[in-house]
Amino acid sequence: MTSQRTRDRLIARLQDQGIRNHEVLEAIRSTPRHLFVDEALAHRAYEDTALPIGHSQTISQPYIVAHMTELLLEAGSLGRVLEIGTGSGYQTAILSRFAKEVYSLERIKALQEKARKRIRALKIHNVVFRYADGSIGLKDKAPFDGILAAAAPSDVPQELLDQLAIGGRLVIPIGEQEQKLYRITRTEEGFQREFIEDVRFVPFRSGLR
């Protein structure tokens, strides 16, 4: 179930759902998602669905990974990117294809260690992992051209907005029972917020585990 034909079916499904960026589609096609889930779930790796990765967390649906990446890229190239919530490391691997540097924060140590091993095994060298509370961002490496959050806070953390470069984009789900995906762009005048679509993410948590 990890054959090229299986991957091609996933790409066709993503195109049917509106993903148009060919570089993003190729990144999804060529990144081995089955390596980012437990072996028992590898046969489902190329389904367009979220899958459990332990610790009450999930690997995001491929459509969401592709769409959030596409949203970051629409306004131009990415230098330094911050990822809030490393999780399995799959979104991290996709982002590494488009950014000069990716700083990925994870508050659950066991997940971070697994993700680090996977990224190293794929010989990806432009990712820096931090065991940290994502709600406060990473001030010492700011500003960022892009920030992507893989968990939903009830409102946008001001620290993340402050760490955007001018022209930088934050892609983040917001809400508790009902969640909505937004892209927030920092301009010279302030912040421009765009509603993208209704989504479902794990809740944003603070503190380390």
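Computed from a prediction, not measured in an experiment: that's the story for all the values here. For the numbers below, each heavy atom of this structure counts, side chains included, while hydrogens, waters and symmetry mates do not.
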From OG (S96) to CD1 (I119), nearest 0.5 Å | 6.0 Å

Determine whether more than 12 heavy atoms belonging to other residues, nucleotides or ligands lie under 6.0 Å from atom CD of E26.
-> yes

Would H67 and Q17 count as having a side-chain donor-acceptor pair, cut-off 3.5 Å?
-> no

Heavy atoms of K100 and N126 approach each other most closely as O-CB, 3.3 Å

Closest non-hydrogen atom pair, N21 against E23 = OD1-N, 2.9 Å

Smallest separation among heavy atoms of V65 and S60, with atom names | CG2-CB, 3.7 Å

First locate atom CG of L73, then atom CG of L95, and finally report the distance between them rounded to the nearest 0.5 Å.
-> 8.5 Å

Is the shortest heavy-atom distance from the side chain of R183 to the side chain of L71 under 4.5 Å?
-> yes

Using distance alone, with no hydrogens and no angle criterion, decide if T92 and E83 have a side-chain donor and acceptor under 3.5 Å apart.
-> yes

With a 4.5 Å heavy-atom cut-off, do R200 and Q179 have their side chains touching?
-> yes

Are the charged groups of D198 and K180 less than 4.0 angstrom apart, N to O?
-> yes

Give every donor-acceptor pair under 3.5 Å between a side-chain atom in residues 110-117 and any protein atom, sequence neighbours left out.
residue, atom, partner, partner atom, Å
Q112, OE1, K109, NZ, 3.4
Q112, NE2, R130, O, 3.3

Closest heavy-atom contact between T31 and A93?
-> CG2-CB, 4.2 Å

Between Y182 and R193, is there a cation-pi geometry (under 6.0 Å to ring centre, at most 45° from the normal)?
-> yes

salt_bridge(D48, R13) N-O dist < 4.0 Å = yes

Review item, side-chain donor-acceptor pairs of residues 163-178, under 3.5 Å, at least two apart:
residue, atom, partner, partner atom, Å
Q163, OE1, L138, N, 2.7
Q163, NE2, I136, O, 3.0
Q163, NE2, E159, O, 3.4
R169, NE, L72, O, 3.0
R169, NH1, G167, O, 3.2
R169, NH2, L72, O, 2.5
R169, NH2, G76, O, 3.0

Is the Lys NZ or Arg CZ of R33 less than 6.0 Å from the centre of Y90's six-membered ring, within 45° of the axis?
-> yes

Does L41 belong to the same Ile/Leu/Val/Met/Phe/Trp/Tyr cluster as V202, with side-chain heavy atoms less than 4.5 Å apart forming each link?
-> no

Sub-4.5 Å side-chain heavy-atom contact between Y103 and I147 | no

